[in-house]
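See below for the structure under consideration.
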Number of protein chains: 2
Amino acid sequence: MPGTRKLPTREELRIWRDFLETGEALRNVLAARLQADTGLSPGDYAVLLALSEAEGNQVRSSELAALVGWERSRLSHHLGRMERRGLITREECATDSRGAVVVQAPAGAEAFQAATVPHLRAIRELFVDALTPAQITAAGEIAAALRQRLRD
Amino acid sequence: MPGTRKLPTREELRIWRDFLETGEALRNVLAARLQADTGLSPGDYAVLLALSEAEGNQVRSSELAALVGWERSRLSHHLGRMERRGLITREECATDSRGAVVVQAPAGAEAFQAATVPHLRAIRELFVDALTPAQITAAGEIAAALRQRLRD
DNA sequence: CTCCAGTAATTGACGTGTCAACTATGAAGC
DNA sequence: GCTTCATAGTTGACACGTCAATTACTGGAG
């Protein structure tokens, strides 16, 4: 028949928008709390987390980009901002003169230490504790299904 | 006991990150398709959608901000960019000299028309069709639960 | 050794988003 | 009328992100 449905129904669209907007609101609240508690942005947190887990709290720039899942350009811009604020430093790489090694500065380590517990608590409060165990499982399965579809 | 868990488990944290990153990836793909198909950003689409649904395809600026759920400042910046590209125009308001009326320009109407079906198809393909009906329902309930928790 | 394709990282231009400050008008109370 | 406060909207400064171009070095083919 003409007009065979390839488009979402009104209800499906409502759920999509709800899903989208709720995710955005949640990210915004978590970001605001992190900022208020420690002055870090989610990007700062991701970088400092990766550095904290690394040997000697330092990583080659490209590797860091892979760890946080960013393009190198994005990382470079972000590191510039973090360096200005004294959260990290960039040093030359001994084994490859093109390369840069990103090092956690003392202020960065300190800020990360201060951030981690409140941030995890906030995730627990606003995500984990907001859902039933079944919903948490379902959220994981939904994410997996969506990610699977994106790989096409 | 000391250390009674207030923090998410490893598994809960994994699901949270998956949920977060998958949402981001999905938004990025939808935005890229919209851009490729019609040159519109998601913001452009939201504005043009609201205008399309309005009487005479025009809305007072503040009302538009409420419709799309943005701060007025954000809307103002975005309208400036859209105006430069000929998607909308801004005109004086007859009943309030402070006010501005945002009007859909011909190019805006055309771009929105061209965008809507492909965009809805993409939502169906990447969201609706990627999930089972039960998962769609669950996604709606998860969004509702998270939103409820945010209202505190 | 020399050339050159590939890699590491940065840069500049620009779109996007927030916050705080500002302009200008409306509206209420006196 | 006039002061005062609220409202409409814009602006500037800056954080964040993408893309394309650029710089500088590496490493292999000849």
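Proteins come first, then strands; the chains are lettered A, B, ... in the order of their sequence lines, and each starts at number 1.
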Working to the nearest 0.5 angstrom, can you tell me the gap between Q135(A) CD and L146(B) CG?
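One finds 8.0 Å between CD of Q135(A) and CG of L146(B).
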Are R81(B) and H78(B) linked by a side-chain donor-acceptor pair shorter than 3.5 Å?
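Side chains of R81(B) and H78(B): pair found under 3.5 Å.
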Atom [atom1] of [X] and atom [atom2] of [N]: how far apart are they, to the nearest Å?
X: E91(B); N: dT10(D); atom1: CD; atom2: P; value: 13 Å
X: L79(B); N: dG15(C); atom1: CG; atom2: P; value: 15 Å
X: E92(B); N: dT10(D); atom1: CD; atom2: C1'; value: 14 Å
X: E24(B); N: dT16(C); atom1: CD; atom2: C1'; value: 14 Å
X: L40(B); N: dT16(C); atom1: CG; atom2: C1'; value: 15 Å
X: R27(A); N: dG17(D); atom1: CZ; atom2: C1'; value: 14 Å
X: D96(B); N: dG9(D); atom1: CG; atom2: P; value: 7 Å
X: Q35(A); N: dC19(C); atom1: CD; atom2: C1'; value: 11 Å

Would you say the side-chain atoms of [X] pair up with the backbone N or O of [Y], donor to acceptor, closer than 3.5 Å?
X: E83(A); Y: R90(A); result: yes
X: D44(A); Y: S41(A); result: yes
X: S76(A); Y: R72(A); result: no
X: T116(B); Y: F112(B); result: no

Which residues in residues 70-78 of chain A have a heavy atom closer than 4.0 Å to any atom of DNA chain D?
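Close to the strand are E71(A), S73(A), R74(A), H77(A), H78(A).
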Selected nucleotide, minimal atom distance to [X] side chain, candidates [options]:
X: R84(B); options: dG9(D), dA8(C), dG15(C); answer: dG15(C)
X: R60(B); options: dT16(C), dA9(C), dG9(D); answer: dG9(D)
X: S41(A); options: dT25(C), dT10(C), dC16(D); answer: dC16(D)

Test: R27(A) and E24(A) ion pair at under 4.0 Å
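No, this pair does not count.
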Could you go over nucleotides 2-4 of chain C and give all protein N or O partners under 3.5 Å, atom names and distances?
none

Do any side-chain nitrogens or oxygens of [X] fall under 4.0 Å of OP1 or OP2 in [N]?
X: R98(B); N: dT10(D); value: no
X: R90(B); N: dG9(D); value: no
X: S62(B); N: dT7(D); value: no

A quick test of your reading: do over 12 heavy atoms of other residues, nucleotides or ligands sit less than 6.0 Å from CD of E110(A)?
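Open: at most 12 neighbouring heavy atoms sit under 6.0 Å from CD of E110(A).
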Let me check something: do L13(B) and F127(A) share a hydrophobic cluster, defined by ILVMFWY side-chain heavy atoms less than 4.5 Å apart, either directly or through other members?
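Hydrophobic grouping puts L13(B) with F127(A).
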